Structures are given as C-alpha cells and as structure tokens.
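FYI, side chains are in, hydrogens and waters are out, and symmetry mates aren't considered; it's all heavy atoms of this structure. Being a predicted model, the structure only gives us computed values, none of them experimental. Chain letters run A, B, ... following the sequence lines, proteins first, then strands; residues in each count from 1.
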Amino acid sequence: MRPSVFVLQQRAGVAVLRAVVLQQGGRNSCVNVWQTGEAPARCLSTWNNPWNRRRQSPCIRWYSSKAPSSITPQHTYKVVSRDRAGNDLRRILPTSASVPASSTEPLQGDSRQETDNNKPTTIAEDGVPATGVDDVDADPEVLPPNQLWREQRLDLAKLPGYYMKLSKIRLTGLVVISAMGGYYMAPGSHDFFTFLLAMTGTGLTSCAANTVNQVFEVPFDSQMDRTRNRVLVRGLLSPLHAVGFATVAGSTGALLLYNWINPLTAALGVGNLALYTLLYTPMKRMSIANTWVGSVVGAIPPLMGWAACTGQLEAGAWVLAGILYSWQFPHFNALSWRLRPDYSRAGYCMMSVTNPDLCRRVALRHCLLITTICCLAPFTNLTTWAFAFNSLPLNIYFSYLGWKFYEDANNQSARRLFMASLWHLPTLLLCMFICKKSLHDKDKKDNVKAFTDFVVGFQPFPVLPFHRL
Amino acid sequence: MIRSFCTARNAHAAVRKTRTAGRRKGQTKASVPGIAAQPPPQSQMAHDWIGPADPSSNLRPIKFRVPAGESAAEERLRQLRADTQKWNQEFWSNHNQQFNKEKADFIRSWLEKEDFKSVHTDGSKRMPPAEDMSEFYRTFLTEHQHGQLQYQREWYKRNLYIIYLSFRVKMSQLVLKVSMRR
C-alpha cells in the first residue's frame, strides 16, 4: 500500500500533527510512522481493515513507550484528513522543529490523485463526523488543511462573530476589567449608569484600536502561526468593512465618553487609540522600544476608569496605572520568548529576538517594581496597610518566577512566568479591591499620618536606661 | 492476544459506524455553495474568490471578478489590488526563501562546528538548541530590517490608498443604486 500522509488531531485545539505511514504490517502489527509536531510516541498499532475502503480513514492509537502497559493507549488521535504522499517523502519529513504542524501548506501529492482523496474526510473515533465539517469558518484547528477556494461573499449571520474576532474580544474584555478596577478604586461616588457608559465607551475604543491594528498587519499576520487565521487574513471581511467598523465603534465610544462621562476620559480614550494604532503598530517593526509604548497603552484603561468616577487623576490612579504598566513586561517578555522564530521571520523587532539579556532583565526588574509599588500603595491612601502585606506572597512568588526566567530562560520558565502573569493580575486586583481604603474608613485615619506617627514614636525601650550607666 | 482481540472488535465497530456515516454524509464540502477546489470561470463569478495560503509566501491569493459594466474607478481599484497582491507575493516568497536558506546554512555550519552527524541515533534530525538558534534569529532580523522597513512604508501607503479607493467605489455604487431605484 502506498505511503500516506495522515493529519491527525487529538482533540479540537490540541496537537494537530502529521503522520507519514510508511509501511503497513498485518492486522495488528506496528507501522513505522514519522511524525511532525509534538506527538508523545510512535504509533504501535492501527486498524487495517478500513484502509481498503475509500473515503474511510482509520483512527490511529498512539502508545507511549513509557506507558505502564503497552496495551493501554495513551493518546488517541482521530484522522482529520489523508493524502497519498507518493514517493517523494523527503519533502514531507520534518525539516525543522519550528515548522508548524498546523500550517496551511497544502501537501502536494502526485497529480494522479483521485478527486475524492482531495476531499478532506473527517471521521471521528466513533464514526460520527466531527463538528464543523461543512463550516469553513469553524475553529481552524478542527479543519483539515485548507486546500479550497472560498467565495468572498459576506455572510450576515456570522457578522457578530467576525466583529468580535476583529476587536479581539477577550483582550478588550480584560481592558474593560482593568478600567472597572480603576472606576471602583476611585474615591468618588459610584453611579451604575455612569459606570456602564464608561465601560461601554472604553470597550468600544478598544475594539476600534484592535481592528485598525489588524487591518494594517494582514501580510505580517499571515506569516505567523499564532495569527494566520484572523478574519482579514482569511478574507472573511474586506479591509474597508473593517475600517468602517473601527470608525463607527471608535467614534461612538469617544462621543459617549465625551458626552456622558467627562472630557478627560474621552481624551484618554482617544489618546490611547491614537497611541496604539499610530505609534505602537508601526513601531513594532522599527525598534524594541515598542514594548514600552505598548505598556503605556495597557496602563491607560484604569486611568480612564478612575477619571470616569472622579473627573481627575489623583495619586492612587497613578499607582494603579503603574502596577499595570509594570505587569505588561513580564507578561509580554515571557510570551515573546517562545515566539522568537516567528517574530524573526515576520520582521518584528522584539527584545526577545534582538537582545535576549535585556528581555530577561526587564522582566525581572518590573516584577520587583510591582512588589515595590504594592508595598508603597497605602501611602497614597488608595488601600489600607493590609494590602501591602496581603500582596507580598503573591508578588514574591511572581518575582521568584521572574528570577527563574532571568537566571535560566527557556521555554519552560517562560511559559511558567506567562501563565503566572495571567492569574497574578486578577488576584492582585481582587486583593486591592478588598483592601480599598474607603471600605475601612471607620477609623478615618490618614495612612501617611499613621506611618509618620509610627516612625517618630517608635522607640526601642519605653525609657532608655541611661541613668544606669 | 488481548490487544488483538480489543482492536479487532473496535476495528469492526468502527468500520460499521463509518460505513453508515459515509452514507449519511450526502453533503460533502464541494457541494456547499461558495466553496470549491478551484474558483469558477470568470463568467460565473459573482464575487471575488480567495484561495488557500501559498506555501512559499503564506499569503492567500484572491481571484478578482471583472464585472461587465466596470467603471474606471472600479478598474483602477482592481488593478491596484492585483498589483499589490503580486508585489506582496514576490516580497514574501523571496523573504521566506531567504530565511529558509540562511537557516539551513546556519544549521549546517553549526553541525560542522560541532562535528556532529546530521541525524540522531533514533533517526530524528539534529537541531541546534534554542540558544544557538536565537543567535541566528537575531542576525537575520537585524540584517533584513532595512528591507522590512521599506516594505512596511510601501505597504502602508498601498493599503491606505486601496481603502480610500474602495470607499469611493462603494459610495459611487451606493449612489448608483439609489438613483436606479428612483
């Protein structure tokens, strides 16, 4: 039987890989398989009966050589598509570890391929076709390698989904949450409708910023694995449509903030939008200073929330902004560490590529800076002293991971730091919300006065026993 | 023997189920409207068609539709888009080819320096560790940065002009539609 290339998938979103099956033994014997991707082990057994039938692909069970029992399958992959590989296997064998297994490169077999082998067959383990088999706009990791042409006709039903993807809805959600934090921590009076309007305005300006970013990054996004399935890269919307969406969202958000909140918040929102689209996006390819600009972009939303509540930016607002500014560095540096090949090829100037030592140093520096800021936060009457102590374990652990990344930067330490940054910030903010000063105002004590009283009044003994000398 | 028993039974069950799934699956991908292995001929095209990513440039080619009563502005826009697509394709396929070539050279020189064989004992290819590869990524990025900046400037200009022209074309189409309705 001719060698075939199978694209296998463990489950949606995980471990798409290719297996080239070179030889086939008897019914239950081993096959030799080359694999690209992160499969744990070689395939030891497969079903041979269905191979004689067309349009049916087997499931291949993968056995780990380290398994306690070689009978128990460790992972089961389902075959997502299958191509006849022909005799030229060198092209398909893995050439480098950085070749992504989930790339959309079409495999080119010989031209005598029957048409039905070109059709992607998707059969799940229990015989039921996998979801999304006829829906090209489904999660791309569920789809087989995309060898088909698609008509560029706008599907109105999918439009909300497209808009959410364009505006990077998860990132926008996090931006809005940080603005909510700013609103909550502000010492002004809290009004539900003001809050709602402020958050909507912030969200809309964030949507606009992300959309414009995507419009200008289409050829660069298509080079990188992480971004090659974006809406504009796949041609699901035209650039004009995306720009129109950004204009409507941005202007609505800005007008909303100007009209119903205050001009300061609107100015911050528009300024953030301009900073992100006009400065950060082009700078990504010009110099590594883009990371600092991007951190400022991330620090502005809490300022917007604060300004929406009180109308001005007191010291506490800058503390909050400082925490978010410093947080961006370990977060982004750890993320970019693992993407160095992609950034290098696509031409992005990132610290992790051009100056890895600086990358690690800056990440650690800002981890320690977060710790310092949190310890000094009570001085601004933003929080009680309890916050300085409650946040210490969190920040110390985060700084420890930053130290590990600084000391020995590899994929594992980068991943740990990145994952920790994802829960560190929400937990820190929650801690801050609990320790908000005005919640504990029953003593009506000024934190600064409390500290200075403590320092001045502190004496080692009630009376120094000088008279005994 | 246990393994053969289990897999034989499962294989049989899978065969039965996949057979019925095949019969049930009357609507394959090719019969879904708007998706095909190749775009239709010009006369049958109602919209532009976008294809799979080109393996060398990673960009998706668009086959433009040439409508019957095309105005000068529409033709200008289409020419600009086609020209930009060609220019992008050339740039990125050259760039990626250059990247792969330099990477292969780097790995080869690393192997020679280390005096290793190119293949591990278990048959997988030998690769330099991430630290050494990062050296390559750094030099590649700095070497090609000037070209990338020139490309970026040109791309921004073209993209903005395309968006501006498509806005004008869209407006003229809307005006035409409204006046036709009247």
What's the separation between atom [atom1] in [X] and atom [atom2] in [Y], rounded to the nearest 0.5 Å?
X	Y	atom1	atom2	value
B/N58	A/D225	CG	CG	9.0 Å
B/L141	A/I288	CG	CD1	10.5 Å
A/T281	B/Q152	OG1	CD	9.5 Å
B/D48	A/E151	CG	CD	9.5 Å
B/Y164	A/L240	OH	CG	13.0 Å
B/I62	A/R150	CD1	CZ	11.0 Å

- Task: May I ask you to decide if A/M286's main-chain N or O and B/Q145's side chain share a donor-acceptor pair within less than 3.5 Å?
- Result: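 Side chain of B/Q145 to backbone of A/M286, a donor-acceptor pair under 3.5 Å: yes, one is there.
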- Item | Under 3.5 Å donor-acceptor, B/H95 side chain and A/A346 backbone |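 It does not hold such a pair.
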Does any backbone or side-chain atom of [X] lie under 4.5 Å from a heavy atom of chain A? Answer side chain, backbone, both or neither.
X	value
B/P61	both
B/S57	backbone
B/L149	side chain
B/A46	both
B/K170	side chain
B/N159	side chain
B/F91	neither

Output a table of donor-acceptor pairs, distance under 3.5 Å, between side-chain atoms of residues 69-77 of chain B and any protein atom two or more places apart or on a different chain; print 'none' if there are none.
{"residue": "B/E70", "atom": "OE1", "partner": "B/R78", "partner atom": "NH2", "Å": "3.2"}
{"residue": "B/E70", "atom": "OE2", "partner": "B/R78", "partner atom": "NE", "Å": "2.8"}
{"residue": "B/S71", "atom": "OG", "partner": "B/E74", "partner atom": "N", "Å": "3.3"}
{"residue": "B/E74", "atom": "OE2", "partner": "B/Q173", "partner atom": "NE2", "Å": "3.0"}
{"residue": "B/R76", "atom": "NH2", "partner": "B/Y161", "partner atom": "OH", "Å": "3.2"}

- Message: A quick test of your reading: do over 12 heavy atoms of other residues, nucleotides or ligands sit less than 6.0 Å from CZ of B/R65?
- Response: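 Buried by this count: over 12 neighbours within 6.0 Å.
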- Measure the acute angle between the ring planes of A/F216 and B/Y156, then classify it against the limits of 30° and 60° as parallel, tilted or perpendicular.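 Plane angle between 30° and 60°, so tilted.
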- Using a cut-off of under 4.5 Å for heavy-atom pairs, which of A/Y348, A/Y343, A/F220 has the most such pairs with chain B?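 If we count pairs closer than 4.5 Å to chain B, A/F220 comes out on top.
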- Query: Based on non-hydrogen pairs under 4.5 Å, which of A/P239, A/G347, A/S238 is most in contact with chain B?
  - Reply: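 Top count of heavy-atom pairs under 4.5 Å with chain B: A/G347.
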- Query: Are side-chain heavy atoms of A/P219 and B/Y151 found at a separation under 4.5 Å?
  - Reply: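 Counting from C-beta outward, A/P219 and B/Y151 do come under 4.5 Å.
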- List the steps and the verdict of side-chain hydrogen bond (donor to acceptor under 3.5 Å, both in side chains) for A/Q223 and B/N96. CA-CA 9 Å; A/Q223 305 302 321; B/N96 290 338; 3.2 Å; yes
- Task: List for me each residue that meets side-chain hydrogen bond (donor to acceptor under 3.5 Å, both in side chains) alongside B/E143, sequence neighbours excluded, and say none if there are none.
- Result: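 side-chain hydrogen bond (donor to acceptor under 3.5 Å, both in side chains) list for B/E143, sorted by chain: empty.
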- Side-chain donor-acceptor contact under 3.5 Å, A/Q152 with B/H47: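 The answer is no; no qualifying pair exists.
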Which pair of non-hydrogen atoms, one from [X] and one from [Y], has the smallest distance, and what is that distance?
X	Y	value
A/S222	B/L59	OG-CD2, 3.2 Å
B/R138	A/T354	CD-O, 2.8 Å
A/V218	B/W155	CB-CZ2, 4.5 Å
A/W149	B/A37	CD1-O, 3.2 Å
B/F99	A/P341	CZ-O, 4.4 Å

- Between A/V243 and chain B, which part of the residue has a heavy atom less than 4.5 Å away: side chain, backbone, both or neither?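 Just its side chain gets close to chain B.
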